[in-house]
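Remarks on the structure that follows.
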Amino acid sequence: MISVIEVYNAVRDLANKDQKGFVSPEMFNSLLPSAQSAIFRKIYESALQGKALRRAGGDLGGEDSLYLKAKNFLSEYIETERLQPIRRAASSFYEDSTAFRKPENIHRIISVFADTTEFGVTNVDLIYNSEKISRILNSNLSAPTNAFPVALISNEIEVFPSIGGNVNINFYRNPTSRFETGSRAIRAGDIDGKRQPSYSAETTAGIVVPNPPNCRGFDLPAEFRDEVIKEICKMIGVSLRDGVLIGYGSDAQ
């Protein structure tokens with residue numbers, strides 16, 4: 001976890017060191033979801049780049065492997081859920097299918113699998129092209145069966161044929177936030193799946209101090225703390241037209 005209090009203090013000090021602008025908590029909070037999303041995309045893209053390097057034989061092995069390092073970071077975001085059916089419908093060119101609702105916090109699908117009494121755990125092949133699924137469903141050779149189902153991925157997940165069992169999904173979730181400090185019921189660092197990172201402060205005797213129980217830290221690996229600070233500084237620099245902050249943030253690229 002990355003502390004939102006530490007990040008705010010760092011960004012505030014960088015923005016104020018030349019008296020070029022004050023970063024209010026409201027302005028700071030408005031930037032946090034975009035900053036976190038940008039860093040998460042970099043982690044995901046690093047995994048894709050590392051995978052390409054590995055295929056080309058250019059990725060270093062062991063602890064220096066770009067691919068393994070990025071996959072290790074992404075492992076924190078893997079979740080498994082049972083899909084909830086939306087409807088079951090007959091097709092004009094196929095027996096029937098079942099449409100399922102995607103998880104709300106999904107970023108990328110890893111795999112879909114069915115768990116039936118007849119065939120046990122069965123992998124579901126994923127199709128992202130409606131033309132391709134039409135060819136498959138109309139083919140005498142590749143038409144899906146209960147033993148070899150397929151799914152069309154769009155704004156929903158439609159599985160062919162309808163399966164008499166549970167359909168589950170492995171996916172990367174989107175980052176949300178983590179509790180900054182614990183209470184008797186919640187430990188610091190636990191995920192708050194309902195909120196994005198946010199900084200909260202109170203004024204006591206004319207002094208503004210952070211309110212840790214109401215703060216939510218970044219749902220990102222601690223190694224990316226400096227990246228988060230630079231990303232937010234770049235955003236604030238654009239807003240304030242401050243070349244120093246823009247330059248500081250650009251160093252992260």
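Treat the numbers as computed from the prediction; the structure is a model and nothing was measured.
Distance OG/S198 to OH/Y8: 13.0 Å, rounded to 0.5 Å. E6 CD to I229 CD1: the interatomic distance, rounded to the nearest 0.5 Å, is 8.0 Å. Note that CG of L32 and CD of E231 are 11.5 Å apart. Values are rounded to the nearest 0.5 Å. Between the CZ atom of R178 and the CD1 atom of I2 there is a distance of 10.5 Å, given to the nearest 0.5 Å. Rounding to the nearest 0.5 Å places CZ of R101 at 5.0 Å from CD1 of I86. Taken from CD in E180 to OH in Y199, the straight-line distance is 10.0 Å, to the nearest 0.5 Å.
Here the side chains of I110 and Y172 are in contact, with some heavy-atom distance below 4.5 Å. Two residues are said to be in side-chain contact when any heavy atoms from C-beta on lie closer than 4.5 Å; I191 and R173 meet this criterion. Using a 4.5 Å heavy-atom threshold, the side chains of R216 and V4 count as separate. The shortest distance between side-chain heavy atoms of T116 and N146 does not fall below 4.5 Å. Between C233 and V11, the closest side-chain pair of non-hydrogen atoms falls below 4.5 Å. No side-chain heavy atom of V167 sits less than 4.5 Å from a side-chain heavy atom of T98.
Within the 3.5 Å criterion, the main-chain N or O of S177 finds no donor-acceptor partner in the side chain of K194. A distance-only check finds a donor-acceptor pair linking the side chain of S134 to the backbone of S130 [under 3.5 Å]. Listed for the S34 side chain is no donor-acceptor partner under 3.5 Å among the backbone atoms of L31. A donor-acceptor contact shorter than 3.5 Å is absent between the side chain of S97 and the backbone of F160.
With sequence neighbours excluded, the residues satisfying side chain to side chain contact (heavy atoms under 4.5 Å, CB included) with L48 are Y44. With sequence neighbours excluded, the residues forming a side chain to side chain contact (heavy atoms under 4.5 Å, CB included) with P175 are Q36, F40, Y77, D219, listed by chain and number. Not a single side chain to side chain donor-acceptor pair (under 3.5 Å) links Q84 to another residue, sequence neighbours left out. For N72, the side chain to side chain contact (heavy atoms under 4.5 Å, CB included) partners two or more places apart in sequence, or in a different chain, are S75. In this structure P103 satisfies the side chain to side chain contact (heavy atoms under 4.5 Å, CB included) test together with E81, L83, I106, I169, F171, sequence neighbours excluded.
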Please report the C-alpha distance between F224 and F73 in whole Å, then the side-chain angles of each, then the deciding distance to 0.1 Å, and finally whether the ring-ring contact (aromatic ring centres under 6.0 Å, His included) criterion is met. CA-CA 10 Å; F224 290 87; F73 288 142; 5.1 Å; yes
With side chain to side chain contact (heavy atoms under 4.5 Å, CB included) as the criterion, how do I109 and I157 come out once you've worked through the C-alpha distance, each side chain's angles and the decisive distance to 0.1 Å? CA-CA 11 Å; I109 296 175; I157 301 172; 4.2 Å; yes
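Shown here for K71 and A47, the closest heavy-atom pair between the two residues is CD-CB, 4.4 Å. The two residues T122 and A147 have their closest heavy-atom pair at CG2-O, 3.0 Å. The heavy-atom pair separating A99 from E156 by the smallest distance is CB-OE2, 3.7 Å. R225 and A10 get closest at one heavy-atom pair: NH2-CB, 4.4 Å. Residues P221 and I43 share a closest heavy-atom pair of CD-CD1, 4.0 Å.
Using a cutoff of 4.0 Å between basic side-chain nitrogens and carboxylate oxygens, E45 and K42 are not scored as salt-bridged.
The hydrophobic clustering, which links ILVMFWY residues whose side-chain heavy atoms are closer than 4.5 Å, places L137 and F100 apart. Taken together through direct or relayed side-chain contacts under 4.5 Å among Ile, Leu, Val, Met, Phe, Trp and Tyr, F218 and I39 form part of one hydrophobic cluster. Neither V150 nor V159 shares a network with the other; the hydrophobic side chains, linked directly or stepwise wherever heavy atoms of I, L, V, M, F, W or Y lie under 4.5 Å apart, form separate groups for each. There is no path of hydrophobic side-chain contacts, each under 4.5 Å, that joins L152 to F113.
More than 12 heavy atoms of other shown residues, nucleotides or ligands fall within 6.0 angstrom of atom CZ in R195. When the shell of 6.0 Å around OH of Y128 is examined, it contains more than 12 heavy atoms from other residues, nucleotides or ligands. Around the NZ atom of K51, the shell of radius 6.0 Å holds no more than 12 heavy atoms that belong to other residues, nucleotides or ligands.
The side chain to side chain donor-acceptor pair (under 3.5 Å) test with N174 singles out one residue from Q196, R108, H107, and that residue is H107.
In summary, the side chains of S111 and N170 do present a donor paired with an acceptor at a separation below 3.5 Å, with no hydrogens or angles considered.
Each salt bridge (charged side-chain N to carboxylate O under 4.0 Å, His left out) pair with one or both residues in residues 203-213, not counting sequence neighbours, would appear here, but there are none.
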